[in-house]
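Note that these values count all heavy atoms, side chains included, but never hydrogens, waters or copies made by symmetry. In what follows, chains carry the letters A, B, and so on, assigned in the order in which the sequence lines appear, proteins first and then strands, with residues in each chain numbered from 1. Not measured: the values here are computed from a predicted model.
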Amino acid sequence: MTAILKATGLRKLYPVGKMFTKGLLHAVDGVDLTVAAGECIGLVGESGCGKSTLARLVARLIPATDGAITFRGNDIGSQSLRRFAAGPERARIQVVFQDPHESLNPGFTALRIVADHIRTLMPQLDHGQIMARAEAAFADVGLPPALSRRYPHQLSGGQKARVGIARAIAVDPELLILDEPTSALDVSVQAVILKLLGELRAKRGMSYIFVSHDLDVIRLICDRVAVMYLGRIIETGTTAQIFDTPAHPYTRALIDGSPDPARRGMSVQRLEGSASSPVNPDPARCNFMGRCPMSAPLCAERAPALKETRAGHLAACHFASPETAMQKAE
Amino acid sequence: MRPPLLSISGLDLDFRTRSGTVKALEGIDLDLARGEILGIVGESGSGKSVLSFAIMGLLDGAADLRVANMTFGGMSLDAGTVAEMRGRELSMIFQSPRTALNPIRKIGRQIEDVLVRHGPVPRRKARAAAIAALAQVRIPDPERRYDAYPFELSGGMCQRVMIAMALACNPTMLIADEPTTGLDVTTQAVVMDLIRDIARDRQMSVMLITHDLALAGEYCDRVLVMHAGHIVETAGVADIAAGDLHHPYSQRLFAATPASSDSLDDLAAIPGTLPDLRGTLPACRYMGRCDRARPDCAEGPLPCHRPSADHTVLCRYPL
């Protein structure tokens, strides 16, 4: 498979505090991410782990502090955000935002929301072509034409989510970045939107970066999963590898934490406390230490690097050897 | 069998609005045993929250509540008695801890307020009692947290404060309205474990309102499925976990839950939307969305099937 997007050593630091409490918040701290053509990769982790920031960096909505991003071999990471927004790659990488209520202009009709977006990103098209494209996008996401004259407040949550998706796919993107696209939706609507996203990917051959905190959703829709903790990817592998043989203790805790009737009445070891501060983290120790059930002296001496436990399965833990991963599987 | 703690039969609730009468709840019957955790699941708008407000006596003036019988611990529950019991016998955890807590009052003081208002605790002893309540929900370092404001705490911590407040007066029944929405999975697990353990230790009854069937399956003893103001199915947790559901709507809801699907193809959507609850409605309010519906589904009363002792299904043509 050919990689369409490649990000290496991506970092995003925010200065915080003033005078004597000055520090740098490491929102994304040295992340490598590769997305192959037609692949759906899931970013998962607790709130504050940097998954949305990473998605925004890759989408070139915010500038990175450090690191390189290439898209189809073109270096897009070193372009200014303004130049990127005016360039041809803007239409190739599109974003669907978390909250459908907040991300649509309340003063525009649904059709205009989509058409305006096409007009900005595809200036070569005339009015007729833009309208045809917008209507085709509406049909693709299953919105009846009658709804295209409505304003966002006249649409239900599921319909607004569809408008958000229609806007993103109307300009024929190759990579769609979905930032928690279903977390604001009801169960039944979530199912519809997930199925729609699955169909669109099959039909148009797009790649997805799917950000979610819901492991069950990730399990259903993604080919590959990257688990994030405090700005770093701490485990990555195929969906089956991550869910069947998780190697990192944090991934195991996440999987054990999602509700499952099969675990009824069992006392499962839970992750207590919250993540340590992302401001000026100590680079010489594992940042999961303190919450981790298998803390050892080694964890305080050296931060574990992301290394391969099996083909395609990487974990950043001193104790994530292939053997322990195998033992867990048995 | 011992008499249930809470028993409701024939509860109807209408809201008078400018555009007509909204029939929010109709023919609700439910029993809650001591120490039982009862789950109430359904889509948003199915009447889950409004049912809990009706029990707590927190409805607004436009509500027209008619109840054939509602008893709590053997006593009739009406507007006068529920105000007396609220906070002491009956307690509630609200959906969003950030909006339910007073943002400009220390959390310790907020717990004290509850203790002084509802409990027999004098103000001078309240501080110690509030710290004990914080410790009980496993908030680390409760003496120091007593002086924290809500904005200084994480979402999970705020939710624990809400639980501490709800449990401060040792209620016999707790209504938890989506207590973990907006929390991370790891925090959700900790908060739910806490509610379950306290319910078990104190023989406290819990009504857990959620839209997550998997969550209900892990923590509840019995689950009610609601649709458009009706209870369409009541089942023991074993049937819920196995997907042994007989009402077409419950079956669809189960299939739409990502946790119960193996692949995207397994995931099935529920066609249609909730009906408009104004005006005249057919006896079965799911009729318009149901693929098994026949004309006589509009005629009431609907028969109640009992596939097993603790399983009831309100449907003319159950699966």
Portion of [X] that has a non-hydrogen atom of chain A nearer than 4.5 angstrom:
X	answer
Asp265(B)	backbone
Ala255(B)	neither
Arg252(B)	neither
Ile240(B)	neither
Glu43(B)	both

In terms of heavy-atom pairs under 4.5 Å, which option from [options] contacts chain A the most?
options	result
Ala269(B), Ala256(B), Ala214(B)	Ala214(B)
Asp212(B), Val237(B), Thr257(B), Ile270(B)	Val237(B)
Pro271(B), Ser260(B), Cys220(B), Ala242(B)	Cys220(B)
Pro258(B), Gly217(B), Ser261(B)	Pro258(B)

Any carboxylate oxygen within less than 4.0 angstrom of a Lys/Arg side-chain nitrogen, looking at [X] and [Y]?
X	Y	answer
Asp193(B)	Arg270(A)	yes
Arg202(B)	Asp197(B)	no
Asp179(A)	Arg56(A)	yes

For chain B, which candidate among Gly198(A), Ala262(A), Pro261(A), Gly45(A) shows the most heavy-atom pairs at distances under 4.5 Å?
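Maximum pair count with chain B is reached by Pro261(A).
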Fill in: Top contributor to chain B interface from Val217(A), Leu197(A), Asp216(A) [non-hydrogen pairs under 4.5 Å]
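Counting heavy-atom pairs under 4.5 Å, the top option is Asp216(A).
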Taking atom types as modelled, is there a side-chain donor on Arg291(A) or Tyr229(A) under 3.5 Å from an acceptor on the other?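 Their side chains do contain a donor-acceptor pair, which is all the 3.5 Å distance test asks for.
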Please check this pair: side chain of Asp177(B) against backbone of Gln95(B), looking for a donor-acceptor N/O pair closer than 3.5 Å.
no
| query | Between Asp186(A) and Ser44(B), is there a donor-acceptor pair closer than 3.5 Å when you use the side chain of the first and the backbone of the second? | reply | yes
| message | Below 30° counts as parallel, above 60° as perpendicular, anything between as tilted: where do the rings of Phe288(A) and Tyr250(A) land? | response | perpendicular
Exercise for the section: Could you check Met228(A) against Ile234(A) for side chain to side chain contact (heavy atoms under 4.5 Å, CB included), going step by step and ending with a plain yes or no? Expected result: CA-CA 6 Å; Met228(A) 290 189 70; Ile234(A) 51 114; over 6 Å; no
